[in-house]
There are 2 protein chains.
Amino acid sequence: MAKPATRMPRAFEKNTLLNTPQTPKQDQAVVATKIPPARRGRATGRVTITDVAKAANVSPMTVSRSLKSPESVQQNLRDRITAVVQKLGYVPNQAASTLASSKSQVIGVIVPSLTNAVFIDTLSGIRDCLGAAGYQFLIGESGYSPAKERELIATYMAHAPDGFLLTGIEQQEASRVLLASNHIPAVRMYDLSKNVNDLTVGFSQKKAGYSVARHLIERGYRRPAFMAAQLDPRTMKRREGFRKGLKEAGLNPNLEILLPVPTTIELGAQLFTKILEQRPDCDAVFCCNDDLALGVLFECQRRGIQVPTQMAIIGFNDLPWAAQSIPAITTIITPRYDIGYVAAELLLKTLKGKPIDKARVDLGFELAIRGST
Amino acid sequence: MAKPATRMPRAFEKNTLLNTPQTPKQDQAVVATKIPPARRGRATGRVTITDVAKAANVSPMTVSRSLKSPESVQQNLRDRITAVVQKLGYVPNQAASTLASSKSQVIGVIVPSLTNAVFIDTLSGIRDCLGAAGYQFLIGESGYSPAKERELIATYMAHAPDGFLLTGIEQQEASRVLLASNHIPAVRMYDLSKNVNDLTVGFSQKKAGYSVARHLIERGYRRPAFMAAQLDPRTMKRREGFRKGLKEAGLNPNLEILLPVPTTIELGAQLFTKILEQRPDCDAVFCCNDDLALGVLFECQRRGIQVPTQMAIIGFNDLPWAAQSIPAITTIITPRYDIGYVAAELLLKTLKGKPIDKARVDLGFELAIRGST
DNA sequence: CTGAAAGCGCTTACAG
DNA sequence: CTGAAAGCGCTTACAG
């Protein structure tokens with residue numbers, strides 16, 4: 001910590017923000033007309049609800065009501081207030097609102113990774129639902145670590161989020177306590193709780209793994225391998241389902257390669273190489289993510305292995321390249337946008353105190369059969 | 001708007017947050033020991049700075065100082081306060097802090113798209129720098145629209161962000177005014193302002209395009225095409241540089257296909273097909289993003305076109321598959337993590353009032369020559 | 001180095 | 001339907 005920041009940092013004054021001609025007239029509506037060169041007292045210089053109230057000749061409370069529940073204010077007053085709000089460019093101060101109401105309009109969202117395109121789609125779903133309702137987001141990356149997840153929850157606490165959206169159902173005890181003792185609701189995504197009253201939105205990871213095994217067996221493959229990096233609980237459940245399917249068919253489920261590092265295309269190629277060294281007669285690979293699968297496909301091309309005749313490849317998630325590669329990659333299509341959207345809906349209902357008809361929402365998955373099997 | 005939310009929504013009480021045994025003892029440290037079953041007055045029930053002050057037998061101001069500038073508080077008081085903070089599980093109320101200090105510890109970050117992996121890396125850089133300094137982020141997607149960007153800035157205004165990180169240098173007039181009139185500093189990324197006093201961190205998009213042209217020419221290609229979707233200003237500057245390079249070498253720069261839609265692998269294949277229809281003798285394609293380039297590569301495989309002998313492919317950004325595909329794709333490596341990190345550093349300096357030695361930071365780019373040319 | 005007072009800009013909880 | 005008062009939990013700006 002150096003010197004405390006001054007109100008108008010020197011450097012900022014020196015470096016003009018944007019190189020522009022001054023004060024264009026047509027934009028006045030968006031901007032406070034009252035821009036004081038210096039602040040009065042401790043005020044920020046921003047237009048306040050009191051400024052609006054004075055100009056509209058009503059009390060601040062009426063302005064507040066007019067903004068939050070217009071139907072509770074007389075038409076004529078409302079119109080007058082709306083006009084003044086426009087004219088002065090009033091923007092409510094969220095910090096003051098949060099302090100007074102203890103509602104922050106902020107939702108904490110924690111996903112394992114932002115580099116995994118899967119969760120970006122989920123964020124879009126969340127944003128489309130809760131963003132429309134006026135919420136903002138604190139988005140955190142747990143790096144697949146429950147401890148980091150707990151730290152993020154604790155950090156976000158300072159901002160008093162109204163709710164949380166979390167990934168997976170394996171939170172730390174401390175995370176639960178932190179949320180419960182502050183009465184903050186949370187919806188958990190990408191898996192389904194055994195307790196039907198828990199708020200969870202996802203699909204059965206185990207069934208997804210099982211369906212992959214069934215597909216390979218039906219296609220006649222007999223020596224399939226399982227390849228996983230990023231050994232999060234959901235990946236391990238897929239594996240469980242996959243093994244179950246193989247065992248039921250009397251196949252050996254033990255050709256596996258598991259590595260607790262992020263999945264990448266490059267890693268897919270490397271792990272595939274190891275599998276071939278271990279079991280040259282392997283005839284199929286189930287990859288826990290499509291980037292691994294693409295790496296396997298590239299390695300097959302490099303080695304002249306024919307897909308799918310000599311080697312079958314199945315991925316997971318239907319990332320953009322899976323449907324485009326030559327051959328296209330058979331994969332599990334996961335409802336990742338919907339998971340975000342539906343989880344957000346569930347949280348919104350909870351925040352509004354609306355009844356929840358179904359707390360555990362199974363959105364399913366789909367096996368997309370393509371050229372690689 | 002339905003009924004106003006009640007403090008403890010019914011649904012939330014019915015659906016227990018997480019299915020757990022109750023009150024584990026080892027987690028007490030993280031949680032307020034004082035969890036009132038009902039709130040007293042308007043209070044939230046959270047531990048406040050006054051609670052800490054009483055328990056430590058000092059004034060609230062001393063607690064505040066002990067937390068924000070420990071060196072200004074006597075060692076023994078500080079220790080006492082730290083212990084109480086721990087014991088009570090005190091978490092400062094950010095809303096109160098923001099209201100009193102008009103510093104929110106929040107930064108607005110606006111990128112064109114989150115589905116483009118490019119900007120995810122930039123966010124990582126921003127987080128690694130400003131996150132360490134205790135800032136949180138409001139992250140917005142402008143969809144490459146300056147109007148949407150302005151709306152986001154306006155929306156974020158309610159949260160009184162301390163600064164903004166924006167993408168590109170083509171903001172709307174209204175955006176500039178909004179920031180300037182509220183004295184909010186902004187650093188702009190991915191391009192360089194002509195004004196050396198503007199805070200910009202990026203590289204010369206035009207030079208990058210030019211260097212691609214030079215490379216193709218040196219390799220002996222004579223009928224190169226330019227393929228772009230997502231026609232943002234930076235893409236158009238690359239095009240400008242590319243055309244300049246071709247013209248200097250006496251080549252025809254007019255084999256172009258431009259489409260104002262998001263780039264995808266699939267689109268790359270489609271646009272390439274159109275290029276071939278238009279000019280079957282085309283011998284190279286410069287794609288404005290690596291996903292287009294991968295689509296072109298797949299289409300070449302489909303058609304039996306040899307890369308690079310019959311067709312050269314150059315992409316942009318060095319996305320994960322570019323180095324892995326068969327053949328690997330020649331591309332421009334852009335410093336996207338660094339752009340975020342350095343822009344964040346610059347903003348941090350500005351916020352702290354530290355002197356800025358260089359307001360315009362050119363981080364350059366690198367041409368990675370691979371098998372596809 | 002420490003503290004008492006006032007204030008940030010809203011909304012709650014009452015009154016009318 | 002509208003408003004005056006009080007308070008949310010911090011930090012600023014003074015004093016000592």
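Every chain is numbered from 1 and lettered A, B, ... according to where its sequence line falls, protein lines coming before strand lines.
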Colleague: Roughly, in whole Å, what's the span from NZ in A:Lys54 to P in C:dG9?
Modeller: 11 Å

Colleague: Considering heavy-atom distances to DNA chain C, does B:Asn76 or B:Ala96 have its closest nucleotide positioned more toward the 5' end?
Modeller: B:Asn76

Colleague: Would you jot down, in residue-number order, the residues of residues 56-67 of chain A having a non-hydrogen atom under 4.0 Å from DNA chain C?
Modeller: A:Met61, A:Ser64, A:Arg65

Colleague: Who passes side chain to side chain contact (heavy atoms under 4.5 Å, CB included) against B:Arg78, sequence neighbours left out?
Modeller: B:Ser66, B:Pro70, B:Val73, B:Gln75

Colleague: What integer distance in Å separates B:Ile49:CD1 from D:dC8:C1'?
Modeller: 14 Å

Colleague: I need the minimum non-hydrogen distance between B:Leu179 and B:Ala186, along with the two atoms involved.
Modeller: CD1-CB, 4.0 Å

Colleague: Is B:Ser97 close enough to D:dT11 that one of its side-chain N or O atoms is under 4.0 Å from OP1 or OP2 there?
Modeller: yes

Colleague: For a quick test of your reading: what N or O donor-acceptor pairs under 3.5 Å do the side chains of residues 134-143 of chain B make, sequence neighbours left out?
Modeller:
{"unit_1": "B:Glu141", "atom_1": "OE2", "unit_2": "B:Leu114", "atom_2": "N", "d": "3.0"}
{"unit_1": "B:Ser142", "atom_1": "OG", "unit_2": "B:Tyr144", "atom_2": "N", "d": "3.2"}

Colleague: Please report, rounded to the nearest Å, how far the P atom of D:dT2 is from the CD atom of A:Gln75.
Modeller: 11 Å

Colleague: List DNA chain D stems (3 or more consecutive Watson-Crick/G-U pairs, under 3.5 Å)?
Modeller: C:1-3 with D:14-16, C:5-12 with D:5-12, C:14-16 with D:1-3

Colleague: Taking all atoms of both residues into account, what is the closest heavy-atom pair of A:Gly340 and A:Ile126, and its distance?
Modeller: O-CG1, 3.5 Å

Colleague: Could you tell me which non-hydrogen atom of B:Ala132 sits nearest to which non-hydrogen atom of B:Asp128, and how far apart they are?
Modeller: CB-O, 3.6 Å

Colleague: A:Leu99 CG to D:dC8 P: how many Å, rounded?
Modeller: 9 Å

Colleague: Of the options C:dT2, C:dT11, D:dC10, whose atoms approach the side-chain atoms of A:Ala100 most closely?
Modeller: C:dT11

Colleague: Quick check for you: among C:dT2, C:dT12, D:dG9, whose closest atom lies nearest to any side-chain atom of B:Gln74?
Modeller: C:dT2

Colleague: Hey, could you give me the CD/CG distance between A:Glu149 and A:Leu152, rounded to the nearest 0.5 Å?
Modeller: 8.0 Å

Colleague: In whole angstroms, how far is the P atom of C:dG7 from the NZ atom of B:Lys103?
Modeller: 20 Å

Colleague: Looking at residues at least two apart in the chain, or sitting in another chain, which of them share a side chain to side chain contact (heavy atoms under 4.5 Å, CB included) with A:Thr98?
Modeller: A:Gln94, A:Ser104, B:Ala95

Colleague: Side chains of A:Arg176 and A:Gln171 only: does a donor on one sit below 3.5 Å from an acceptor on the other?
Modeller: no

Colleague: Among residues at least two apart in sequence or on other chains, which ones pass side chain to side chain contact (heavy atoms under 4.5 Å, CB included) with A:Ala96?
Modeller: A:Asn93, B:Leu99

Colleague: Nearest-Å distance, CZ (A:Arg46) to C1' (C:dG9)?
Modeller: 10 Å

Colleague: Please report, rounded to the nearest Å, how far the P atom of D:dG9 is from the CG atom of A:Asn93.
Modeller: 17 Å

Colleague: Rounded to whole angstrom units, what separation is found between the NZ atom of B:Lys68 and the P atom of D:dT12?
Modeller: 9 Å

